[in-house]
> 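Please read through the structure below; I'll follow up with questions.
Atom set for the values below is all heavy atoms of this structure, side chains included, hydrogens, waters and symmetry mates excluded.
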Amino acid sequence: MTLRLFRYLAKEVLVSTAGVTLILLLVILSGRLSSYLGRVTEGKMTFEFLFVILGYHIPSFIQMIMPLAFFLSLLLTFGRLYIENEMSVLFSSGISKIKLAGYTLGIACIIGLISGGINFWLAPFSEYRAAEASQAQSKISAFDLLIPGRFEGSGQRTTYIESFTPEEGWVNNIFISGVANKKDKNIQTQMFADYAEQIRVSSENNENYLVFKNGTRYEGKPGTANYRITQFDTYAVRMENKENDAIDEAYTKSTMDLIKSTKLLDKVELQWRISLVVIIPVLAIIGLSLSQVNPRQGRFFKMLPAILLMILYIALLIWGRTGLEKGKLPIQLGLWWIHGIFVLIAAVLFTQYNQVFERRKARLPNTSKSSSSE
């Protein structure tokens, strides 16, 4: 019966955790998607890159969502079991609160193993690949992001192309309006050209040039002495080369690199990854203790204080992480003191929870004595 009961509880909690995780993930992705779509319409990224970067960030979203989803699922599942009197049947069958806590911690270990795999391996790997993809995206020229037939730009720069020939790589009927800086003065410029193409010159620096064909360039303000009109057959502009910076952010590093590192930010990141796993069994005991409700109260009676306690736990961890990064808290103390506080809270709640059960158990009439007296 013990193994069968554990399988039943684990199935209920894990299925609910998966559902809550999926719902929260969709909410976060929808918010990020709207933000990225805005950047696509502004010509700051390609439409294909949008889905690539979203996919790489999913493990990082899940590592934050999973402890919350597990805690909410535990409250909902065990609350339903209390409302439907299934817990009363279990307790009358000899299942103690201590044994139920053991089952709950067993389920928490399953979630912890999944969370650990994401925190310690998958999320850092995905974030590193996301950083690589962002660097590759930054090398794409502005003309690769233009949409024919539409004015695009920001600030004082506006670009328009009529059409694009993919086979030849030509941009047809191009207009560019911008500002050139000469002798510490900003001079308005406009350029019209029949064609334009991007050319890479093979050299030590692999310089890129944007070459315009058959056009006219206007520089300055009409009617002033410095106003110039230049007609050209070929006009080349050297484009800025963007060098790849080393990807050295702490969240992109592997866990082994963090363990070997002596940098403060790397140590803080390691503490954070461990915390996202440690929080799971602590929340499991808190959720078990606060899930007990009277059928007349409803399953949501204790959900609000439980959620507030969970938010306080996570908020303290985030505050502690920020304090460690800024050097306001000693790295030797880390985030363990926060976990210690909530371990004590979990112990107090479980002790009170178990005492309530013992008092109710003591109130039950002794049927054996009453039958013998008769």
Side-chain angles (χ1 to χ4, degrees), residues 24 57 59-72 74-75 101-102 104-128 131 246-290 305-353:
L24 295 178
H57 285 321
S60 295
F61 297 154
I62 293 178
Q63 75 174 354
M64 287 297 300
I65 291 172
M66 186 168 289
L68 314 182
F70 170 66
F71 184 69
L72 293 176
L74 202 64
L75 291 174
T104 306
L105 289 176
I107 300 171
C109 286
I110 298 175
I111 299 293
L113 289 174
I114 299 173
S115 178
I118 296 174
N119 295 338
F120 297 133
W121 178 73
L122 185 58
F125 174 77
S126 296
E127 289 298 327
Y128 184 85
I247 302 174
D248 195 41
E249 288 80 3
Y251 61 86
T252 63
K253 293 183 179 180
S254 67
T255 303
M256 289 303 300
D257 290 339
L258 295 181
I259 294 174
K260 298 175 183 177
S261 177
T262 57
K263 295 181 179 179
L264 175 63
L265 294 181
D266 292 348
K267 293 181 178 180
V268 175
E269 176 65 21
L270 181 61
Q271 288 264 352
W272 178 254
R273 293 182 190 179
I274 295 173
S275 294
L276 292 179
V277 178
V278 173
I279 193 176
I280 293 175
V282 180
L283 287 178
I285 297 301
I286 294 175
L288 172 66
S289 304
L290 295 179
I307 292 176
L308 291 177
L309 192 60
M310 175 193 67
I311 292 174
L312 178 62
Y313 194 175
I314 296 174
L316 278 176
L317 287 175
I318 295 174
W319 174 82
R321 179 184 181 179
T322 304
L324 290 173
E325 290 175 343
K326 294 182 178 179
K328 294 181 179 180
L329 294 175
I331 191 62
Q332 295 80 8
L333 185 63
L335 300 174
W336 296 109
W337 63 277
I338 301 175
H339 296 298
I341 292 173
F342 280 85
V343 166
L344 290 177
I345 293 174
V348 170
L349 289 174
F350 182 74
T351 302
Q352 182 182 10
Y353 165 74

> Test of understanding: with side chain to side chain contact (heavy atoms under 4.5 Å, CB included), list the residues that count as partners of A101, not counting sequence neighbours.
I285, L288, F350
> Once you round to the nearest 0.5 Å, how far does CG of L74 lie from CG of L290?
10.0 Å
> Would L258 and K263 count as a side-chain contact (heavy atoms from CB on, under 4.5 Å) if you check the C-alpha gap in whole Å, the side-chain angles of each, and the deciding distance to 0.1 Å?
CA-CA 9 Å; L258 295 181; K263 295 181 179 179; over 6 Å; no
> Going from CZ on F70 to CG on L283, what distance comes out if it is rounded to the nearest 0.5 angstrom?
8.0 Å
> Just jot down the side chain to side chain contact (heavy atoms under 4.5 Å, CB included) partners of L317, sequence neighbours excluded, or say none.
W272, S275, I279, Y313, L335, I338, H339
> Go through it in stages, so that I can follow the logic: the residues are Q271 and K267, the test is side-chain contact (heavy atoms from CB on, under 4.5 Å), and I'd like the CA-CA distance, side-chain angles, deciding distance and then a yes or no.
CA-CA 6 Å; Q271 288 264 352; K267 293 181 178 180; 5.7 Å; no
> Spell out, as yes or no, whether a donor-acceptor pair under 3.5 Å connects the side chain of S126 to the backbone of L122.
yes
> Going by heavy atoms in the side chains, are K253 and D248 under 4.5 Å from each other?
yes
> Using every non-hydrogen atom in the two residues, find where I307 and F71 come nearest and quote the distance to one decimal.
N-CE2, 4.3 Å
> What are the two closest heavy atoms between Y251 and R273, and how far apart are they?
O-NH2, 3.5 Å
> I want to check something: taking the side chain as every heavy atom from C-beta on, are L329 and W319 in contact at a cut-off of under 4.5 Å?
yes
> Would you call the rings of W121 and F125 parallel, tilted or perpendicular, taking 30° and 60° as the class edges?
parallel
> Where do V278 and V282 come nearest, in terms of heavy atoms and distance?
O-CG2, 3.5 Å
> Report the residues that fulfil side chain to side chain contact (heavy atoms under 4.5 Å, CB included) with K326, sequence neighbours left out, ordered by chain and then residue number.
T322, K328
> Testing the basics here: between Q63 and A123, what is the closest heavy-atom pair and its distance to 0.1 Å?
OE1-CB, 3.7 Å
> If we only count heavy atoms from C-beta on, is the D266 to D257 side-chain gap below 4.5 Å?
no
> Restricting to non-hydrogen atoms, name the atom on A108 and the atom on P281 that form the minimum distance, rounded to 0.1 Å.
CB-CA, 4.1 Å
> Please report the interatomic distance OG(S115) to CD1(I110), rounded to the nearest 0.5 Å.
13.5 Å
> How far does OG of S60 sit from CD1 of I65, to the nearest 0.5 angstrom?
10.5 Å
> Rounded to the nearest 0.5 Å, what separation is found between the CG atom of L324 and the CD1 atom of I331?
5.0 Å
> Taking all non-hydrogen atoms of both residues into account, name the closest pair between G116 and V277 and its distance.
CA-CG2, 3.8 Å
> With side-chain contact (heavy atoms from CB on, under 4.5 Å) as the criterion, how do T255 and N119 come out once you've worked through the C-alpha distance, each side chain's angles and the decisive distance to 0.1 Å?
CA-CA 9 Å; T255 303; N119 295 338; over 6 Å; no
> Rounded to the nearest 0.5 Å, what separates atom CG in L312 from atom CD1 in I345?
7.0 Å
> I would like to know whether L265 and E325 meet side-chain contact (heavy atoms from CB on, under 4.5 Å); could you show each step before the answer?
CA-CA 6 Å; L265 294 181; E325 290 175 343; 3.8 Å; yes
